[in-house]
Number of protein chains: 2
Amino acid sequence: MQTDTICLGLLSTGPKSGYEIKQIFEGPLSEIYSLSYGTIYPTLNKLMDGKFVTCKQHAQDKKPDKKVYTISKKGLTLLKDNLIIDATNYLRSGNFGDQVKSEFLLLILFSKNLSHEVIDTILSQRISFAKQKLELIKYEGPITPELDSIRSEKASKFIRGLATELIEAGLKYLEKNKGKLGK
Amino acid sequence: MQTDTICLGLLSTGPKSGYEIKQIFEGPLSEIYSLSYGTIYPTLNKLMDGKFVTCKQHAQDKKPDKKVYTISKKGLTLLKDNLIIDATNYLRSGNFGDQVKSEFLLLILFSKNLSHEVIDTILSQRISFAKQKLELIKYEGPITPELDSIRSEKASKFIRGLATELIEAGLKYLEKNKGKLGK
DNA sequence: GCATATATATATCAAAATGATACATATAGC
DNA sequence: GCTATATGTATCATTTTGATATATATATGC
């Protein structure tokens, strides 16, 4: 999916700055996708050039201006068109485009070359990491309005539910099978 | 994790060609990681330059020569050194480096902009896709020797078990909740 | 009180990776 | 006989990353 489409999709749930888009990928969407500043800022500028978004500069005393982007009518049209194309390509290719790169699992795969102590540490660190993730994802308390506009979407709840199930399944497996790897 | 380390790790389970490395990322390791030819071939050449691997060219009549790479002693040392560094960085950073980019979940996230029919199709296509994946991952029948050298590793079985649990959990969730998204 | 770390905020860029394409042939299906 | 897929290596423009720079405010610890 093009970065343009992803940014427009996020802006379709409410106006946001580049920094806030990045925050979303570090928080609520970290199980789904990621984008770096080097991709986000140029994309927002490109969307500005094409009038797919508008920008309001909020002066903040002593902090750099906050540039809040709002999707335009033209942008919303582009978003819908692009999503339909993406969905159609999906269905045709039979490839759902999920890209997973897990350094944890690579370390496990190559664990023959590591000592048992290191492997044990990696596994237990991973388990506590997964528990933290679960706490974070289940958190329902107060949050910034920008992040909340994502969190309250029906689709977002669907995805959080799925992510929760996946993390729990992984956690359960690791706790049950961690002994089978080392010795 | 550096591409060098990943290729060395795969070669540590037996000699392989660039094409076979790619095949592994399309098949048994598709749940873990991916690499393109544009990354694999230059990396193998770089490893050759540094004498971390050796290469035997098998002439095949009418097909291009098959270049089979074997890890050297120097390469095995580098692999172990790099893995320890990676494991240590992991533990220090608290970041397990998993990178997930799911176009499927993005489509779901932005599904407000799609028709119910398209959403339903995406969901049911995804469900049958997951079922295919499960069949593939559970397959224990005959396979090329190169792929088998990966499959028979203890770590590999651990990872396949984990992948199976994750896919099953996701499948169960989708089947149970698919109705909650559309209407 | 002072130093250090973290959060807010945008921007840039070298290095790395992708995705597409090119080339050449064999086999399998229709 | 045609077309699609599989085997196999290689290249390259475009995209993305990951690190860094810049600037300030606030919170934490000693």
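Residue numbers begin at 1 in each chain, while the letters A, B, ... track the order of the sequences.
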*asked:* Contact list please: residues 4-21 of chain B against DNA chain D, heavy atoms, distance less than 4.0 Å, in numerical order.
replied: Ser17(B), Gly18(B), Tyr19(B)

*In residues 42-49 of chain B, which ones come under 4.0 Å of DNA chain D, going by heavy atoms?*
none

Donor-acceptor contacts under 3.5 Å from residues 21-28 of chain B side chains, at least two apart:
unit_1   : atom_1 : unit_2   : atom_2 : d
Lys22(B) : NZ     : Glu26(B) : OE2    : 3.4
Lys22(B) : NZ     : Leu35(B) : O      : 3.1

[X] has an atom [atom1]; how far is it from atom [atom2] of [N], in whole Å?
| X | N | atom1 | atom2 | result |
| --- | --- | --- | --- | --- |
| Ile40(A) | dT16(D) | CD1 | C1' | 11 Å |
| Tyr41(A) | dT15(D) | OH | P | 21 Å |
| Lys67(A) | dA9(C) | NZ | C1' | 10 Å |
| Glu103(A) | dT17(D) | CD | C1' | 13 Å |
| Lys56(B) | dG8(D) | NZ | C1' | 20 Å |

*asked:* Using five base pairs at each end to define the local axes, how bent is the helix from dG1(C)-dC30(D) to dC30(C)-dG1(D), to the nearest 10°?
replied: 50°

*Would the number of heavy atoms belonging to other residues, nucleotides or ligands and lying under 6.0 Å from NZ of Lys51(B) be above 12?*
no

_Strictly distance-based, threshold 3.5 Å: is any side-chain N or O of Lys16(B) a donor or acceptor partner for the main-chain N or O of Leu10(B)?_
yes

*Would you check if the side chain of Tyr90(A) reaches a backbone N or O of Phe104(B) as a donor-acceptor pair within less than 3.5 Å?*
yes

*Find the distance between CG (Leu181(B)) and NE2 (His116(B)) and round it off to the nearest 0.5 Å.*
9.5 Å

*Other than Tyr37(A), what residues sit in its cluster of Ile, Leu, Val, Met, Phe, Trp and Tyr side chains whose heavy atoms are under 4.5 Å apart, directly or through others?*
Tyr19(A), Tyr41(A)

Would you please name every residue forming a salt bridge (Lys or Arg N to Asp or Glu O under 4.0 Å) with [X], sequence neighbours left out?
| X | value |
| --- | --- |
| Asp86(B) | none |
| Lys73(A) | none |
| Lys46(A) | Asp4(A) |
| Lys133(B) | Glu31(B) |

*Check side-chain contact (heavy atoms from CB on, under 4.5 Å) between Ser124(A) and all other residues, then give those that pass, not counting sequence neighbours.*
none

*asked:* So, does Thr3(A) get its side chain near the phosphate of dT16(D), meaning an N or O under 4.0 Å from OP1 or OP2?
replied: yes

_Charged N-O contact under 4.0 Å between Glu153(A) and Lys112(B)_ = yes

*asked:* What residues from residues 22-39 of chain A pass a heavy-atom cutoff of under 4.0 Å to DNA chain C?
replied: Gln23(A), Tyr37(A), Gly38(A)

*Which pairs with one or both residues in residues 95-107 of chain A pass salt bridge (Lys or Arg N to Asp or Glu O under 4.0 Å), sequence neighbours excluded?*
Asp98(A)-Arg126(B)

